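Naming: A, B, ... by sequence-line order, numbering from 1 per chain. Because the structure is a prediction, the values reported are computed rather than measured.
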Amino acid sequence: MELVEEDRYRFRIAREGDMRVPGVVFATRGLLADAEKSLAQVVHVATLPGIVAASYAMPDIHWGYGFPIGGVAATAVDEGGVVSPGGVGFDISCGVRLLAADCDRAELAPALEEVMDVLGRTVPRGAGPGGVWRLTGPGQLERLLRGGSRYAVEEGHGEERDLARCEDGGAVADADAGQVGPRARERGLGQVGSLGSANHFLEVQQVAEVYDPPAADAFGIAAGQVCVMIHCGSRGLGHQICTDHVRAMDRAMARYGIRVPDRQLACTPVDSPEGRAYLGAMAAAANYGRANRQLLTDAARRAFGRVAGRRLSLVYDVSHNLAKIETHEVAGRRRRLCVHRKGATRAFPPGHPDLPEDLRAVGQPVLIPGTMGTASYVLAGVAGGGAFFSTCHGAGRRMSRHEAARKVSGSQLRARLAQDGIAARPLSWRGLAEEAPEAYKDVGEVVAASEGAGLCRIVARLVPLGVVKG
DNA sequence: ATGTCC
């Protein structure tokens with residue numbers, strides 16, 4: 001496949017064959033080494049009915065189920081555009097929340113090990129059931145699927161101010177719990193308020209460097225400040241919803257005359273019973289993911305309060321695995337689009353009406369989880385953001401889990417992190433090894449390419465002080 | 001990502 005370099009950070013895959021739009025890849029040549037399989041997925045996505053503008057890829061693109069991770073695709077709702085669960089991913093509403101503590105690193109230092117011990121004991125994690133909340137019955141799950149973070153706050157697990165700093169105010173209204181199947185419910189009941197495993201984490205971090213002081217100031221973070229970053233999703237509930245609706249769409253697709261180059265791209269029109277059912281269930285899972293992060297926030301606040309007498313205030317909460325109905329101008333026309341972001345973060349520009357008032361002047365905070373040994377970033381949305389106001393979501397893997405586990409010893413990694421002043425609380429050595437910093441690309445390179453491509457601007461770099469891993 | 005294969 002030919003990748004035409006349009007400028008240093010933007011490449012084009014010309015339209016050919018069944019492609020309805022070209023591919024546009026924001027990256028550097030270096031970041032695209034070994035990206036052949038995921039670029040083929042960019043081409044596959046370009047064939048979807050109703051897709052507009054381009055099949056986009058972010059600088060942290062890598063291979064995923066059907067769509068690439070780091071993919072953005074918008075379809076025109078009123079022109080037969082489709083929705084595809086593969087364009088959201090299995091971990092619906094996986095996302096990141098950043099909390100800022102009322103202290104700097106030196107002030108927390110004497111209490112850090114104990115804070116990490118308490119977090120290690122009180123943050124539920126790992127595969128399978130177990131969470132902060134034990135739901136009392138189906139009615140409570142129903143309210144949670146509709147109310148998201150808002151419901152968790154109503155039940156006493158947070159502050160009203162938290163909701164203003166959550167994407168969509170902590171919950172979307174179009175959740176349809178009736179489209180969440182019995183198995184998804186069953187899996188979700190016992191996992192509310194848990195990290196999960198793999199790349200999910202809770203980290204205590206320090207703001208190492210501020211690049212955009214006015215934006216950092218508006219976000220409520222400053223150099224040296226201690227932060228807590230939570231990266232998790234909708235656990236088994238989201239996974240089961242994806243499984244159920246992929247199956248339903250796979251069966252229904254032919255009735256709509258839709259053919260896709262890869263069965264993993266199963267889709268139906270947004271405006272079809274199957275499309276609406278998926279989007280309703282997906283929104284419910286999105287609310288579940290938000291409640292999940294709200295409850296983990298509560299657990300982190302309790303640990304910080306009890307051990308160190310410190311408070312945590314919410315900077316922002318944003319997902320990087322969602323599809324949303326948004327209105328954008330395409331080719332001079334305002335159109336209602338279904339924007340799929342999979343491993344891509346929404347990044348609203350300054351002035352956007354959906355941003356809370358105190359952030360509107362600087363743009364939406366974008367939270368980029370890096371690795372436990374290097375850094376994470378806070379970015380901000382910019383005007384003109386070239387892919388329906390989307391940017392990267394993380395470092396992107398360089399090694400497979402298998403390769404990382406083979407090359408890295410978990411116990412040696414923990415010792416190495418400790419030498420660097422990072423207190424790790426892993427659940428298993430294997431899990432830690434799979435997430436070793438060297439298993440990932442350089443997150444600094446990813447965010448630099450994202451900024452260079454005009455998708456966002458870099459606000460601050462955060463470095464880990466302690467990590468709780470599933 | 002995921003009760004890592006109903």
Could you tell me whether the phosphate oxygens of B:dT2, OP1 or OP2, come under 4.0 Å of any side-chain nitrogen or oxygen in A:T243?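 So the side chain of A:T243 is outside the cut-off, no N or O lying under 4.0 Å from OP1 or OP2 of B:dT2.
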Could you state the [atom1]-[atom2] distance from [X] to [N], rounded to the nearest angstrom?
| X | N | atom1 | atom2 | value |
| --- | --- | --- | --- | --- |
| A:R183 | B:dC5 | CZ | P | 13 Å |
| A:E186 | B:dC6 | CD | C1' | 13 Å |
| A:L427 | B:dT2 | CG | P | 12 Å |
| A:H239 | B:dT4 | NE2 | C1' | 8 Å |
| A:Y65 | B:dT2 | OH | C1' | 13 Å |
| A:I241 | B:dT2 | CD1 | C1' | 13 Å |
| A:F90 | B:dT4 | CZ | C1' | 12 Å |
| A:I92 | B:dT2 | CD1 | P | 12 Å |

Report which part of the nucleic acid [X] touches: base, sugar-phosphate, or nothing (heavy-atom distance under 4.0 Å, all strands).
| X | answer |
| --- | --- |
| A:G236 | sugar-phosphate |
| A:R430 | nothing |
| A:E434 | nothing |
| A:G128 | sugar-phosphate |

Under a 4.0 Å N-O cut-off, is there an ion pair linking A:R302 with A:D298?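 Looking at A:D298 together with A:R302, the answer is yes, because their closest N to O distance falls below 4.0 Å.
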Measure centre to centre between the rings of A:W133 and A:Y288, then say whether the value is under 6.0 Å.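 Here the rings of A:Y288 and A:W133 have centres that are no less than 6.0 Å from each other.
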Could you check, using the six-membered ring where one of them is a Trp, whether A:F219 and A:Y316 have ring centers closer than 6.0 angstrom?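 Centroid separation for A:F219 and A:Y316: 6.0 Å or greater.
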Residues that A:Y440 engages under ring-ring contact (aromatic ring centres under 6.0 Å, His included), provided they are two or more places apart: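 Here no residue qualifies.
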